[in-house]
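Input: a single structure, listed below in structure tokens.
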Amino acid sequence: MVILFLPAGSQDQIGQKLDNQAKVNQIFRKVVRNRNFKAIETPVIEYANTFTNEHVGMELRTMLKWFNREGEIEVLRPDWTTAIARALVKQHPAQLKWFYQGSVFRNDKDGTESRQAGIEIIRTDVFLGELESLFTAVTYLKALNSDDYLIELGHTGIFEALLETLELADSEEETLRQAMYDKRKDLVYQIASKTGQEKIAEQLTTLINAYGGKEILTEYRELWSNQPQLVEILDHLNKLIDAMEALGVENVIVDLGKVKELPYYSGTMFRGYLQQNGQTCFSGGCYDKLYEQFNENISAVGLAFDVDVLAESMNATEQKERICILATEETHVQAEQLREDFEDKIVDIQYQLPDNHHYDRIIPVEDATKEKAVDK
């Protein structure tokens, strides 16, 4: 007997899970098209260098890859934003808003394939693009009947401004950035204090816990009153929160110690969490630097929703009545014609009733025919 296994990280999907994913994607498409986003799809296979070059900075080890016949490395698409940036530089500049739906493939997660739905906004005023991204997220979550979420805002400029004064080697910068991301106070202080900049080391360490509501912005505006660059960032984040609150969105916090995960992020960062389980349902931000690899100096902002997370969080869809019409070879056509009498119900045709079934009603074709005749 041959036993077939799947590669690690791969999985089959059936039933309700697939139904939920389809509904999540269907609602997303309706929401973004109503907001004037245009669909785009990139190939699932790309050259590795599209994602590993210095402007993007993704690690090759995290990708599903192989050598093609010319000896070049190809990969399954590990990131939508980068692939779409490559595609959009060839598109007419008049279209500013784009959306996508599909899978990305990485081997550094529990599953190698994850499903996303996202938006990209380019060549647009930064504040406009950020609000359009956030408001689209709010509209979409509302359409999914999901109101128990938290939006977190951060900004790459805060850590970068403090980092500049330390004059660290590239490897030390990366270690410090990772320590900030992991909230490792001890390691952050150890690396930063080596430079003799005790004050900056203390500020970075304190930033790890600098998250909360607008009161955090007020506190740090006073602390950084003599640093206009940082005050400008705080005011920008405050404007975003004010706009969200005016729209009726109250669950918005800031994380001033947030650091970018990829080199191309270059401004505001945002992330959405489902409060019922703490899972990330969307993430994104500004990434102007991504287009520098194409010698383009344009604004870019967007976010991606985790379709798998959103599908898992959905309540089971309302179950329709399941009806079985018992027929024979001779009456199968007749049974098929009777389907229209059971609109919006699940109808199955069988010649013999299974021993273990989950039908709500069993109707022999003769009875259904008689019932139809009486109705007429």
Side-chain angles (χ1 to χ4, degrees), residues 20-35 37 39-40 77-85 97-104 106 109-111 113-122 124 128-156 181 211 237 240-241 243-244 247-255 258-262 264-265 267-287 290 300-314:
N20 285 357
Q21 288 175 7
K23 186 173 182 179
V24 165
N25 278 315
Q26 180 184 22
I27 293 173
F28 172 79
R29 195 175 191 90
K30 181 179 179 181
V31 167
V32 295
R33 290 193 68 182
N34 286 346
R35 299 182 73 93
F37 285 85
I40 187 171
R77 180 181 54 227
D79 176 62
W80 269 107
T81 297
T82 304
I84 288 178
K97 300 164 67 176
W98 302 85
F99 77 90
Y100 59 86
Q101 294 171 283
S103 295
V104 293
R106 304 272 297 275
K109 298 183 178 182
D110 291 338
E113 179 182 5
S114 58
R115 284 143 287 272
Q116 295 183 353
I119 56 175
E120 310 288 348
I121 305 172
I122 62 174
T124 302
L128 170 61
E130 290 171 353
L131 278 188
E132 177 62 16
S133 296
L134 291 167
F135 287 174
T136 298
V138 170
T139 304
Y140 178 42
L141 291 173
K142 182 178 180 180
L144 291 173
N145 296 317
S146 177
D147 55 6
D148 189 22
Y149 59 86
L150 176 71
I151 294 177
E152 176 190 85
L153 303 178
H155 200 288
T156 64
Y181 180 80
Y211 54 85
L237 295 175
L240 288 173
I241 295 177
M244 297 290 282
L247 194 67
V249 182
E250 298 179 353
N251 293 327
V252 184
I253 64 170
V254 293
D255 182 356
K258 194 172 181 65
V259 296
K260 59 185 179 183
E261 298 178 49
L262 291 169
Y264 58 74
Y265 277 97
T268 305
M269 299 176 287
F270 24 79
R271 189 176 292 267
Y273 300 95
L274 297 179
Q275 298 201 83
Q276 63 190 40
N277 53 26
Q279 289 185 293
T280 300
C281 60
F282 73 82
S283 61
C286 296
Y287 44 87
L290 184 58
V301 61
L303 57 82
F305 295 95
D306 191 317
V307 170
D308 297 315
V309 168
L310 291 173
E312 284 179 12
S313 71
M314 291 183 68

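When a residue number appears, it is its place in the shown sequence, counting from 1.
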Would you say that [X] contacts [Y] through its side chain, given a criterion of any heavy-atom pair below 4.5 Å between the two side chains?
X: Tyr264; Y: Thr156; result: no
X: Leu153; Y: Val252; result: yes
X: Val309; Y: Thr280; result: no
X: Asp306; Y: Gln116; result: no
X: Lys142; Y: Asp147; result: no
X: Phe282; Y: Tyr140; result: no
X: Val249; Y: Phe135; result: no
X: Leu144; Y: Leu310; result: yes

For Gln275, I'd like to know if atom CD has over 12 heavy atoms of other residues, nucleotides or ligands within 6.0 Å. yes

Please determine whether a side-chain nitrogen of the Lys or Arg among Glu261 and Arg271 lies less than 4.0 Å from a carboxylate oxygen of the Asp or Glu. yes

May I ask you to decide whether Glu132 forms a salt bridge with Arg35, counting only side-chain N to carboxylate O separations under 4.0 Å?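 Salt bridge present between Glu132 and Arg35.
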
Might you work through the side chain to side chain contact (heavy atoms under 4.5 Å, CB included) test for Val254 and Glu152, ending with a clear yes or no? CA-CA 5 Å; Val254 293; Glu152 176 190 85; over 6 Å; no

Which heavy atom of Arg77 sits nearest a heavy atom of Gly102, and at what distance?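 The answer is NH2-C, 4.3 Å.
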
Which heavy atom of Val31 sits nearest to which heavy atom of Ala143, and what is that distance? CG2-CB, 4.0 Å

Any chance the rings of Tyr273 and Tyr149 have centres within less than 6.0 Å?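 So the answer is no for these two rings.
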
Using modelled atom types and a 3.5 Å cut-off, is there a donor and acceptor pairing between side-chain atoms of Asn251 and backbone atoms of Leu150? no

Could you check whether Gln101 and Asn25, counting side-chain N and O atoms only, form a donor-acceptor pair closer than 3.5 Å? yes

